[in-house]
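Labels below follow one simple rule: chain letters A, B, ... track the order of the sequence lines, proteins then strands, and each chain is numbered from 1. Below, all heavy atoms of this structure are taken into account, side chains as well, without hydrogens, waters or symmetry copies.
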2 protein chains.
Amino acid sequence: MEILSGKWKFHILGTLLLNEKLRFMDLLREVEGIAPKMLSKELQDMEMNQLITRTIVHTKPITVEYALTEAGKTVGPLIDELASWGTAYRNALFHQ
Amino acid sequence: MEILSGKWKFHILGTLLLNEKLRFMDLLREVEGIAPKMLSKELQDMEMNQLITRTIVHTKPITVEYALTEAGKTVGPLIDELASWGTAYRNALFHQ
DNA sequence: GTATATAGTTACCAATGGGTAACCAGTTTC
DNA sequence: GAAACTGGTTACCCATTGGTAACTATATAC
């Protein structure tokens with residue numbers, strides 16, 4: 001649970017699930033509202049936990065690509081199940 | 001996700017999944033390490049979110065019984081899936 | 001040489017989360 | 001009448017989380 005803790009991790013992982021490879025600035029734009037400091041920190045966290053990879057591309061200017069590892073991709077189903085539990089939970093409350 | 005946030009909710013829910021009905025002092029003893037303040041606060045949270053019920057029993061001395069609602073019981077499978085993701089994740093890292 | 005792009009880092013601040021310890025009020029037992 | 005049970009509440013404190021804003025450094029285009 002600690003591995004997935006924090007306000008932004010699910011959002012970042014979800015974005016990477018949809019896009020395969022993204023650069024830092026891409027993520028900054030796609031993950032709405034995140035500050036560069038937080039994005040940097042969360043990416044470092046997830047790289048340490050081997051959910052994502054960070055590869056420097058020696059273009060000019062230099063770019064950095066972030067992508068999910070195989071372990072990272074397994075989070076996909078988990079996000080789906082959490083989401084479907086959430087909607088089921090709301091429906092259960094609504095229909096009681 | 002906010003509904004299940006906090007250090008103790010999964011632990012309390014897990015304990016209630018195993019026991020059906022528990023009193024405040026029972027939970028304080030079974031949820032290892034929790035302080036009465038935190039238990040009280042988490043129970044209030046979950047009662048508000050209709051995951052558990054709180055029923056006063058007019059014994060002497062008075063006791064209070066906490067139990068899962070139907071909505072609360074649906075958290076069971078979710079806990080299982082989070083747990084199995086966790087072990088699968090650890091195995092994936094170990095065997096790489 | 002000025003603006004803009006790349007990918008971050010740094011300093012500072014506020015709110016939240018969670019912990020400890022003590023306390024309260026009623027009731028029963030010794 | 002003192003202790004121990006019931007179910008909490010209160011006051012205080014610290015660490016972590018997350019936010020804002022500014023800054024760094026390199027390189028390209030204009």
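Between A:K7 and D:dG19 there is a side-chain polar atom (N or O) within less than 4.0 angstrom of OP1 or OP2. For the pair B:R29 and D:dG7, the criterion of a side-chain N or O lying under 4.0 Å from OP1 or OP2 is not met. Listed pair B:S40 / D:dT9 meets the phosphate criterion, a side-chain N or O lying under 4.0 Å from OP1 or OP2.
Between B:F24 and A:K37, it is B:F24 whose nearest contact on DNA chain D lies nearer the 5' terminus.
Defined by atom type and a distance below 3.5 Å, a donor-acceptor pair is missing between the side-chain atoms of A:Q96 and B:E70.
Rounded to a whole Å, the CG atom of A:L27 is 13 Å from the C1' atom of C:dG8. Across the protein-nucleic acid pair, A:L39 atom CG and D:dT17 atom P stand 17 Å apart, rounded to whole Å. When rounded to the nearest whole Å, the span between CG of B:L43 and P of D:dG8 equals 8 Å. To the nearest angstrom, C1' of C:dG17 lies 15 Å from CD of A:E2. Here D:dA25 presents its C1' atom at 14 Å from NZ of A:K60, a figure rounded to the nearest Å. In this entry the distance linking NZ of B:K41 with C1' of D:dG8 reads 16 Å, nearest Å. Atom OH in B:Y66 sits roughly 14 Å away from atom P in D:dT6 (whole-Å rounding). Going from atom CE of A:M25 over to atom P of C:dT4 covers 13 Å, rounded to whole Å.
Ranking C:dG8, D:dT20, D:dT6 by closeness to the A:A35 side chain, first place goes to D:dT20. With D:dG19, D:dG7, C:dA7 as the candidates, the nucleotide lying closest to the side chain of A:W8 is D:dG19. Picking from C:dG8, D:dT6, C:dT6 the nucleotide with the shortest atom distance to the side chain of A:R54 gives C:dG8. Minimum atom distance to the side chain of B:P61 is reached by C:dG26, of the listed D:dT28, C:dG26, D:dG7.
One N or O on the side chain of B:T69 and one on the backbone of B:L51 form a donor-acceptor pair closer than 3.5 Å.
Tracing side-chain contacts under 4.5 Å through hydrophobic residues (I, L, V, M, F, W, Y), one never reaches B:L18 starting from B:L4; they form parts of separate clusters.
If you check every strand for non-hydrogen atoms under 4.0 Å, A:Q44 touches sugar and phosphate atoms only.
Closest heavy-atom contact between A:L27 and A:L22: CD2-CD1, 3.7 Å.
Salt bridge absent: B:E65 and B:R23 never bring a charged side-chain N and a carboxylate O closer than 4.0 Å.
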